[in-house]
Colleague: 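Following this message is one structure expressed as structure tokens.
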2 protein chains.
Amino acid sequence: MSNTPITLKLLAEKLKMSVSTVSKALNNYPTINEHTKKHVQDMARELHYMPNKSAINLKEKKSRVIGVILPNLLDHFFTRSIYGIEQFATQNGYHIIIRQTNDELEEEIQSADMLLKSRVDGLIVAISKNTQDFSHFNQFESLGIPIVYYTRNPSFNLNCHKVLGNTFKGCYEATDLLIKRGHRKIAYLGGPKMISFTHDRFNGYINALKDNNIPFDANLVAYTDFDKENTIAAIQKLFADGNQAPTALVAFKELILFDAIKYLRSIDHPQVKQIECIGFGNNSFISYLDLPPIASLEENPESVGENAISLLLKLIDKEISIKNYQKVMVDCKLVVH
Amino acid sequence: MSNTPITLKLLAEKLKMSVSTVSKALNNYPTINEHTKKHVQDMARELHYMPNKSAINLKEKKSRVIGVILPNLLDHFFTRSIYGIEQFATQNGYHIIIRQTNDELEEEIQSADMLLKSRVDGLIVAISKNTQDFSHFNQFESLGIPIVYYTRNPSFNLNCHKVLGNTFKGCYEATDLLIKRGHRKIAYLGGPKMISFTHDRFNGYINALKDNNIPFDANLVAYTDFDKENTIAAIQKLFADGNQAPTALVAFKELILFDAIKYLRSIDHPQVKQIECIGFGNNSFISYLDLPPIASLEENPESVGENAISLLLKLIDKEISIKNYQKVMVDCKLVVH
DNA sequence: TTGTATGCGTTATCAC
DNA sequence: GTGATAACGCATACAA
């Protein structure tokens, strides 16, 4: 029933002080007497005073809203990353607006436009699989609104802030494990070439082969994206030559492996039960699969998200200069099932 | 570079009008001349004028923030429902704060507290599996902050606004389909008894049996929650008597079926490949399973979420009186795989 | 039909 | 150390 929220003015009246003194006391101004400070703060706690965010934002000319652009919330990686972002944002008095692009550049552009109009204080972006042109993000930079790119990194080294998984290391360890288990024909199933899915992971794969003196075979490499047809085409390519067919697979995403195995079973591939797989994801559904990957690369999406927003808030607060481009790497973990 | 956002004042200066006229023109006040209106609106569009949300919220004494309390974002149902909520909220100028309770009452209470302090304009809640006492939500009601309960409904008929899936109908159709496929011993695997998981679904099951003249057998009913151990215990109970073991399963959640099948395989149950299952969920991972459910009950979570926030906004805007308790049902759809 | 003045809750710049 | 006052951007009661 006491439905008038308590304001500074009310607090001041109760305390028989001026609004400005109360404000300063609550904000720990050095010029305020310690005794008054305590008095004010006690009363504020007692009356459950909560500052009005809208008033502060108006005063500070901030929206306290962060925009997050990502391809898809049905991908567990992004859902989990949102969890990390949301937690950290809330703790720091920010809200987030999530926009899904369905991995389409066109929708990414629209999302950027919408978020610009929403006056976001900063942007966290996982680019779409075909984002090559970044001009739709220029307007943010020119307004001094910082952007942190996360998970997905433009292949060409754009000058930007980024938070990425250490997929090189992850892919190296996965490949190494498969080699240690006796595999020699290990295929690599890479993702969309435009983004970081490719380079770091591929290099990890290559380096593990090299360090174990296994010659690289270009026939054991294929690329796909998130479309099942492309994955099947890639698998067909890898298994085209029955004699040279791989005995193990490393994939840029675990989901791809599920499709791969499903396809190999559908064509009754004789070796399907022997093939060992590892991919990025560590999906909890693995435990229900008949032929599960032998290990997973846990990407710690919550941590990636948290690092992204943590960096973004530092940029917003100008603790880090917007031109001082940062690159943060988050480790993957090889989980053997 | 033009980093001073355009305000009403600037607009008024350019137009050589007063701020209030401009404001009224943009808000389509009837007292404003049509010609001036058009003039103002054209100029606003041209200069990309966007009203400052913080100022409006301050003026209107609203936070334009909706709190959403739910058990878990890793459950696809909730992720998808958030999608519906988020879309609708954004379109109407609201933001959402999501709090996960991990299905724990204690965390639910903390979340409610936190959201109250955030001055949310309304609340959307999916209660935890052991929420029986609702006193932590009383403070909202007494401040006139509306609450819509969704998906999970307190068993006892609390006077409240709710948006629920029509699980009765869904369960009826699922059971009916299994009967039509020749099953007579159909087990029902129910969820936590405190919430709506139980009653409506169970009644759907019972009614389908009755309408098909199949006697009800209490041995074919078991209850579990989201813990695997409890699910296994429930399955053990159902399959304790080899001769009377069910040949089909209806479950309150599809995920439960995955655990059930996994367990039955682990004990080499002779009939495991013949058992036909249906549950609520329609998870996309089904296509990777060796022994998938024969059908799924698609709950349309996006629609449930959208209905919840749509109702909530009407309550906030007082289009519906807060005491005029609403109940909205969203249909399920039986999807045969 | 348009303009003037006031206030929403807070912080900051002065003056006392 | 403390208090009056202006300002943030917008909406509206009231005056013209």
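Sequence lines set the chain letters: A, B, ... in the order given, protein chains first and strands last, and positions in each chain run from 1. None of the values given here were measured: they were computed from a predicted structure.
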Colleague: Among C:dT2, C:dT11, D:dG1, which is the nearest nucleotide to the side chain of B:Thr36?
Modeller: C:dT2
Colleague: Quick check on salt bridge (Lys or Arg N to Asp or Glu O under 4.0 Å): which of A:Glu86, A:Glu302, A:Glu299 does A:Arg80 satisfy it with?
Modeller: A:Glu302
Colleague: Measure from the side chain of B:Met17, starting at C-beta and using heavy atoms only, and say which of C:dG9, D:dG1, C:dG3 lies closest.
Modeller: C:dG3
Colleague: Grab the NE2-P distance between B:His39 and C:dT1 for me, whole Å please.
Modeller: 18 Å
Colleague: Please pick, from D:dG3, D:dT2, C:dT10, the nucleotide with the shortest atom-to-atom distance to any side-chain atom of A:Thr31.
Modeller: D:dT2
Colleague: Please give, in whole Å, the distance from C:dC8 P to B:Asn57 CG?
Modeller: 16 Å
Colleague: Would you say the side-chain atoms of A:Arg119 pair up with the backbone N or O of B:Met50, donor to acceptor, closer than 3.5 Å?
Modeller: yes
Colleague: Taking CD from B:Glu60 and C1' from C:dT6, how many angstroms apart are they, rounded to a whole number?
Modeller: 17 Å
Colleague: Within this structure, what is the CG-to-P distance between A:Leu58 and C:dG7, rounded to whole angstrom?
Modeller: 17 Å
Colleague: Is B:Arg99 salt-bridged to B:Asp113, going by a charged N under 4.0 Å from an acidic O?
Modeller: no
Colleague: For B:Leu8 and A:Thr21, take the nucleotide of DNA chain D holding the closest heavy atom to each; which residue's nucleotide lies nearer the 5' end?
Modeller: A:Thr21
Colleague: Give the rounded distance in Å between these two atoms: NZ of B:Lys59 and C1' of C:dT6.
Modeller: 7 Å
Colleague: Quick one: which of D:dC10, D:dG3, D:dA11 gets closest to the side chain of A:Ser18?
Modeller: D:dG3
Colleague: If you check the B:Asn27 side chain, which of C:dT11, D:dA11, C:dG3 turns out closest?
Modeller: D:dA11
Colleague: Which of the following nucleotides, D:dC10, D:dT5, C:dG3, is nearest to the side chain of A:Ser20?
Modeller: D:dT5
Colleague: Measure the distance from CD1 on B:Ile6 to C1' on D:dG9 and round it to the nearest whole Å.
Modeller: 12 Å
Colleague: Quick one: label A:Lys61 by what it contacts on the DNA or RNA (base, sugar-phosphate, nothing), any heavy atom closer than 4.0 Å.
Modeller: sugar-phosphate
Colleague: Would you mind reporting whether A:Ile96 and A:Tyr94 have side-chain heavy atoms less than 4.5 Å apart?
Modeller: no
Colleague: Between A:Lys37 and A:Tyr29, is there a donor-acceptor pair closer than 3.5 Å when you use the side chain of the first and the backbone of the second?
Modeller: yes
Colleague: What is the separation between atom CD1 on B:Ile56 and atom P on D:dC10, rounded to the nearest whole Å?
Modeller: 7 Å
Colleague: Quickly work out the B:Lys24 NZ to D:dG9 P distance and round it to whole Å.
Modeller: 20 Å
